[in-house]
2 protein chains.
Amino acid sequence: MDEKNRVTLADVAAAAGVSKMTASRALRGAGDVSARSIEKVRQTAKDIGYVGNHLASSLSGKRSDLIGVLVPSLANIVFAEVLSGIAEGIEGSGLQPVFGVTDYDLEKEYNIIRSMLSWNPAGLIVTGLDQSDDSTRLLKNADIPVVQIMDVDGTPVDACVGLSHYSAGEAMAETLIAMGRSRIGYIGCDLNKDTRAQKRLEGFKRSLAKNGLSLVVEKTSENPSAAKTGRDLTALALAEEPDLDGIYYSNDDLAAGGAFHCIACGISVPERVALAGFNGLDLIDSLPVKIITSRTPRREIGKTAVEFITGANRTNEKPESRTIAFTPSISVET
Amino acid sequence: MDEKNRVTLADVAAAAGVSKMTASRALRGAGDVSARSIEKVRQTAKDIGYVGNHLASSLSGKRSDLIGVLVPSLANIVFAEVLSGIAEGIEGSGLQPVFGVTDYDLEKEYNIIRSMLSWNPAGLIVTGLDQSDDSTRLLKNADIPVVQIMDVDGTPVDACVGLSHYSAGEAMAETLIAMGRSRIGYIGCDLNKDTRAQKRLEGFKRSLAKNGLSLVVEKTSENPSAAKTGRDLTALALAEEPDLDGIYYSNDDLAAGGAFHCIACGISVPERVALAGFNGLDLIDSLPVKIITSRTPRREIGKTAVEFITGANRTNEKPESRTIAFTPSISVET
DNA sequence: ACCGGTACCGATACCGGTATCGATATCAGG
DNA sequence: CCTGATATCGATACCGGTATCGGTACCGGT
């Protein structure tokens, strides 16, 4: 029907018998307009179905209502939950999230950041602290709030919301050791790309070493980080080292796969072998066997990140208070 | 550093000694520019770090490079995978996805659509065919490609990529019946909101009736559609009707929970009770027991939807070829 | 030398809003 | 009745690009 005749502010103004400027002010609730005009403009706007044009207002103003979000992957429920938290946090603010998937590829990441910046977004949320130098420069010069999420092990560009993966790895090693485990293996995916999983492994190993232990077996694969891979690698690891009494996985998906293998083979968990993952997926709670995990507040991270951009967190302008580190809780239900 | 002195096209033009217009053409690869000018402009643009401003070009042109995506939830891996497919399909097209989460709320959906339209997006991808009348009107008048995904049971506004949930439900009922099951129950979540799950259930019941059967028990809950809920409801259902020999779940998450319950209680699956879900999550393959599911091509749906917007699918302009229905394959591995 | 055609370029007018600042009207105080 | 303050508006200039259309310059053909 209405082909190219989009209702514009000028139309509203004309219909309401005021100037564009007054109409603009009335609709935005900016000052210097009489109550009568406001009423009239708002009414006619509604009547003729005025919608407004974000492009125009963003171009005119100096900033848009867009907020860019970069995640490495969406095949993993974890990042979907972060997005979910972001969507939740954004609600009511009038902001709108634009997302990009980097596939753990620094160059892709750089290009997406570039592209997003050219929308003059209100802020940017990027995953991790390990961008390329070019990307970092871009972010530094952007002159908008930039929130790096998930990780806090490193130097943030601006704000930072996440957790220490080194510490998470260390804590998990200590947990396993406290459970009396000593023949421990590691199973992971995509280690060459997922720097956070690397950091966890590093912390884990460091903590083992501190206790005079080291990994008995280490299996990694390029396959997708999913239950299937976890199950297969667990079978391999146990075949190789049948007396393993603990396995640390790079995340819960793999760990769940490990649990499935053990169930299928009648290996008791955690009695004979304790399985430890990372994230605290919902799934974990209902598994028929108890596996250990570090519960991370994904949704909370997303929400908190948004607050740095909406300014809900403006109270903390000091650089040192612009990093928020959550401590994942480890659930060990014997 | 570069506070408000963003490099603009005028800067590039000046530095290259040409007019804004020529610079614009050179950078876009539009015609009517000498090879020498193109080279010069591109070089100086790179030198002084010109980035371009999507807002301006989108406002000036009639359409932006944004593409709006609406999903009901991101707590469910299914929609994350759809987004993932969309991100994949978009790659290289210069488009950028904006997403919104409706929470299965029609009014929220309407507001998000409204808001997205005011970015003059290149297209819109919305989940499902059951929008409010207001939303539908908005979409119809938008004069941009609109792709409704996941569902094809209904009348699409424009293009449509998904599958028939009625048929999926019917097919699953037939599968269970063919397996010799007759005391069948249903377990679901959020039925009042998730219209696609409703449709599956409807088809399922219809098919049961056609075979002289009906549901023995039906358990639903408002709890999140996750494994935990599935496990709890399964316990309830089996307590109530111990001789159930088949359970249809509204999705795989719940079904997995059901499997966990059965494993924990030593109930053999599928011998004593067959469990059927929906989606074909990766998880299903590695479960220690075999459960039945309808495999849906989530990623593919996302990718295909994008093609309608980028025009990669422009060959099909006829309305009847603007609906693409995938048929989910049911995996029954005894 | 004249002419039409082609290749290349730039001035100008937008796109649809908002910032700015000056104009007009109204009103209290003197 | 005049003055200055206050409230309300609107004309104009942008924001940073692109569409349009009207020049130049240079070409080969006659």
Side-chain angles (χ1 to χ4, degrees), chain A residues 2-42 45 48-66 94 115 117-122 143, chain B residues 2-42 45 48-66 94 115 117-122 143:
Chain A
D2 73 55
E3 288 301 282
K4 45 234 50 197
N5 38 11
R6 276 232 331 192
V7 181
T8 167
L9 184 61
D11 300 335
V12 179
V18 297
S19 74
K20 261 175 63 177
M21 212 43 238
T22 301
S24 168
R25 285 194 270 247
L27 291 174
R28 280 179 301 150
D32 280 0
V33 199
S34 67
R36 219 163 49 82
S37 295
I38 291 185
E39 175 53 30
K40 197 169 40 169
V41 170
R42 295 229 163 123
I48 65 181
Y50 172 70
V51 177
N53 184 325
H54 274 151
L55 291 169
S57 58
S58 302
L59 176 60
S60 179
K62 199 62 191 152
R63 190 126 302 166
S64 78
D65 296 328
L66 256 18
S115 181
L117 284 178
S118 68
W119 287 106
N120 277 26
D143 194 32
Chain B
D2 71 52
E3 288 302 280
K4 43 234 57 202
N5 37 11
R6 275 237 327 199
V7 181
T8 167
L9 184 61
D11 300 336
V12 178
V18 297
S19 73
K20 261 174 66 176
M21 212 42 237
T22 302
S24 169
R25 286 195 270 247
L27 291 174
R28 282 179 298 150
D32 279 1
V33 198
S34 67
R36 221 163 48 83
S37 296
I38 292 183
E39 174 54 27
K40 198 169 41 172
V41 170
R42 295 227 164 127
I48 65 181
Y50 172 69
V51 177
N53 184 326
H54 274 152
L55 291 169
S57 57
S58 302
L59 175 59
S60 178
K62 200 64 191 150
R63 190 126 300 167
S64 77
D65 295 329
L66 255 19
S115 180
L117 284 178
S118 70
W119 287 106
N120 277 26
D143 193 33

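We name chains A, B, ... by the order of the sequence lines, and we start the count at 1 in each one. We use all heavy atoms of the structure for the numbers below, so side chains are in, but hydrogens, waters and symmetry mates are not.
When heavy atoms are screened at a 4.0 angstrom cut-off, A:R28 is found touching the sugar-phosphate backbone but no base atom. Among the protein residues, A:S58 comes within range of no part of the nucleic acid, since none of its heavy atoms lies under 4.0 Å from any strand.
Residue B:K20 contributes atom NZ, which lies 12 Å from atom P of C:dT12 at whole-angstrom precision. For A:D11 and C:dC15, the CG to P distance is 11 Å, given to the nearest whole Å. Between the C1' atom of C:dC14 and the CG atom of A:L59 lies a distance of 13 Å, rounded to the nearest Å. As rounded to whole Å, 13 Å separates atom P of C:dC15 from atom CG of B:N120. Atom CG of A:L9 and atom C1' of C:dG17 are 7 Å apart (whole Å). Rounded to whole Å, the distance from CH2 on B:W119 to C1' on C:dC15 is 15 Å. Rounded to whole Å, atom C1' of D:dG16 lies 13 Å from atom CG of B:L27. Taking atom CG of A:D32 as the reference point, atom P of D:dC9 lies 9 Å away to the nearest angstrom.
Between the OG atom of B:S60 and the CG atom of B:N53 there is a distance of 11.0 Å, given to the nearest 0.5 Å. Within the model, atoms OG of A:S57 and CG of A:L27 stand 11.5 Å from one another, a figure rounded to the nearest 0.5 Å.
Listed here is the closest heavy atom pair of B:W119 and A:D65: CH2-N, 4.1 Å. Across all non-hydrogen atoms, the minimal contact from A:K40 to A:V18 is NZ-CG1, 4.3 Å.
Between B:T8 and D:dG17 there is a side-chain polar atom (N or O) within less than 4.0 angstrom of OP1 or OP2. The side chain of A:S19 contributes no N or O atom lying less than 4.0 Å from OP1 or OP2 of D:dA11.
Nucleotide D:dT30 forms a Watson-Crick or G-U wobble pair with C:dA1, both donor-acceptor distances falling under 3.5 Å.
Residues A:S60 and B:S34 each lie close to DNA chain C; by heavy-atom proximity, the contact nearer the 5' end of the strand is made by B:S34. Both B:T22 and A:M21 lie close to DNA chain C; mapped to their nearest nucleotides by heavy-atom distance, the more 5′-ward contact belongs to B:T22.
Nearest nucleotide to the B:S24 side chain, out of D:dG17, C:dC9, D:dT18: D:dT18.
Scored by the side-chain hydrogen bond (donor to acceptor under 3.5 Å, both in side chains) test, A:T22 finds A:S19 as partners (sequence neighbours excluded).
No hydrogens or angles were tested; on distance alone, nothing pairs the side chain of A:R25 with the base of C:dG17 as donor and acceptor under 3.5 Å.
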